[in-house]
Amino acid sequence: MTSSPRPASDSTPGTASGSARPPLNRRLAEFGTTIFAEMSALAVSTGSINLGQGFPDTDGPEEIREAAVRALRDGRGNQYPPGPGIPELRAAVAAHQERRYGLLYDADTEVLVTAGATEAIAASLLALLEPGDEVIALEPYYDSYAACIAMAGARRVPVTLRPHRGEDGAPSFRLDLDELRDAVTDRTRLLLINTPHNPTGTVLTRAELAAIAGLAVERDLLVVTDEVYEHLVFDGAEHVPLATFPGMRERTVAIGSAGKSFSFTGWKVGWVTAAPALLSAVRSAKQFLTYVSSGPFQYAVAEALALPETYFAAFRADMQAKRDVLAAGLAEAGFEVFRPAGTYFVTTDIRPLGERDGFAFCRALPERAGVVAVPNAVFYDHREVGAPFVRFAFCKQVEVLQEAVKRLKTAF
Ligand SMILES: *Cc1c(COP(=O)(O)O)cnc(C)c1O
């Protein structure tokens, strides 16, 4: 799929280098700077409430912060930790997968600690793809997917999640399984699946996942699953890892993130679980990206993964309450709201406000309302399909969300 130039590349650094050939190579030319940098700068210069980037404005559990301080003071992790991650954290990841999902992984051969999920995604794609391979990703997709597929020299093939009205009239974005099946060719190597899904908030159902698993087995595809929002599913929905389906454990690379699960996004601790051959491939790429990272934080995250279910339930309930505040407020302000079943994000349709272009809308929003949001079009190859959608993050304090809603209701 060839795509139109991404707006992020408008301000590609280095094109004014004076030489005929721009410094940024052709594989990455379309990925200049991310929209988040532009929008966060706008937030600062206009004093706006930043609901653009998805990071919590309150830190995770105090005892986990203290565990990091303790590790640092005790001299644990201040020097290069072991390449695959400290044994305590690998054991904690394995225990978490078993306790929650009944998935058994060997902490030594099937678990890898990474510099956030971001590095896990990069290492997986760089390790598993040959130039020319096709990768199917659900569109809209998380922005690093396209860049990493490009760095691997592979081709992204988007399958679009489309607005769909449920029996109760509520809209959500759904995967068309026939479209997914039709997108598989003889060159398809890998399915890159994200559930709960950023930016739409869609949580794939067990039936949808079973169909994806069946397709992967039938066509002998590898699957990379980005499960960073595994703990953020609402209204009793369940997150089901693809690795739990028949024939999937041997072909699935699953990715998790302490940033998202424990509200420490600055620590950059992520992990991969996969069968030994896949894990060892991903580890080969990872060792030459960061080699290791986040030493003392790894000790703290090992403790976080062992927190009792009460932590996860409270985290989920807190985020669901925040979702409700923002979703209701956006609806009152006149947006059409896609009430998310998971993640930090609510996607809206701006057409009821008489708007059609999410880019123009988001560039004007800070001046107009003192709020920053992100145009979903940046997550699409099919720009025109994503044009009317705008994403707001709700991982913020309730008072912040209430103030944002007040501003939006005044502006519209
Ligand atoms: C935030 C996010 C990531 C990156 O997670 P880190 O652990 O911060 O690197 C990956 N995938 C999705 C879908 C995300 O939203």
Side-chain angles (χ1 to χ4, degrees), residues 34-37 39-40 50-57 59-60 64 85 89 93 96 112-126 135 137-149 156 158 161 173 175 191-204 223-233 239 241-242 253-273 282 285-286 289-290 292-294 297-298 300-301 304-305 315 319 323 340-347 374 376 378-380 391-396:
T34 77
I35 187 79
F36 302 104
M39 289 299 163
S40 292
N50 190 353
L51 304 186
Q53 206 172 15
F55 63 89
D57 63 354
D59 288 346
I64 302 305
L89 178 50
V93 169
H96 172 271
L112 174 68
V113 176
T114 56
T118 305
E119 188 194 35
I121 293 161
S124 300
L125 297 176
L126 289 170
V135 178
L138 305 183
E139 178 187 63
Y141 45 71
Y142 184 64
D143 58 347
S144 86
Y145 297 172
C148 289
I149 293 168
R156 66 178 181 275
L161 302 182
F173 287 87
L175 172 65
L191 304 179
L192 178 47
I193 302 293
N194 171 215
T195 184
H197 184 263
N198 172 8
T200 63
T202 296
V203 176
L204 294 175
V223 181
V224 173
T225 61
D226 180 339
E227 305 180 30
V228 302
Y229 298 105
E230 62 189 309
H231 290 291
L232 288 176
V233 288
H239 168 70
L242 266 168
V253 173
I255 295 172
S257 165
K260 302 297 165 63
S261 290
F262 304 107
S263 303
F264 290 113
T265 58
W267 289 8
K268 294 301 289 190
V269 177
W271 52 85
V272 172
T273 49
V282 177
K286 181 263 183 315
L289 293 173
T290 57
V292 293
S293 58
S294 311
F297 299 128
Q298 291 193 26
V301 172
L305 281 163
F315 178 49
M319 215 56 90
R323 175 203 63 173
T343 77
Y344 281 166
F345 304 106
V346 51
T347 284
V374 167
N376 283 29
V378 298
F379 308 120
Y380 284 80
R391 189 193 81 174
F392 295 83
F394 54 80
C395 46
K396 310 291 173 182

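Heavy atoms only: backbone and side chains are in, while hydrogens, waters and symmetry mates are out. Just so you know, ligand 1 is whichever comes first in the structure, and atom 1 is the first atom listed for that ligand. Keep in mind that what you see is a predicted model, and the values were worked out from it rather than measured.
- For the pair L126/C148, no side-chain contact is recorded, criterion being any heavy-atom separation below 4.5 Å from C-beta on.
- Residues V269 and F262 have side chains not in contact (no heavy-atom distance under 4.5 Å, counting atoms from C-beta outward).
- Applying the side chain to side chain donor-acceptor pair (under 3.5 Å) test between H239 and each of E227, E230, H231 identifies E227 as the sole match.
- Listed by chain and residue number, the protein contacts of ligand 1 are G116, A117, T118, I121, Y142, N194, N198, D226, V228, Y229, S257, K260, K268 (heavy atom within 4.0 angstrom).
- For the residue pair F379 and P199, the shortest heavy atom distance occurs at CD1-CG, 3.6 Å.
- Qualifying side-chain contact (heavy atoms from CB on, under 4.5 Å) partners for T200, counting only residues two or more places apart in sequence or in other chains: P140, L161, F173, H197, T202.
- When side chains are defined from C-beta on, F55 counts as touching K396, because their heavy atoms get closer than 4.5 Å.
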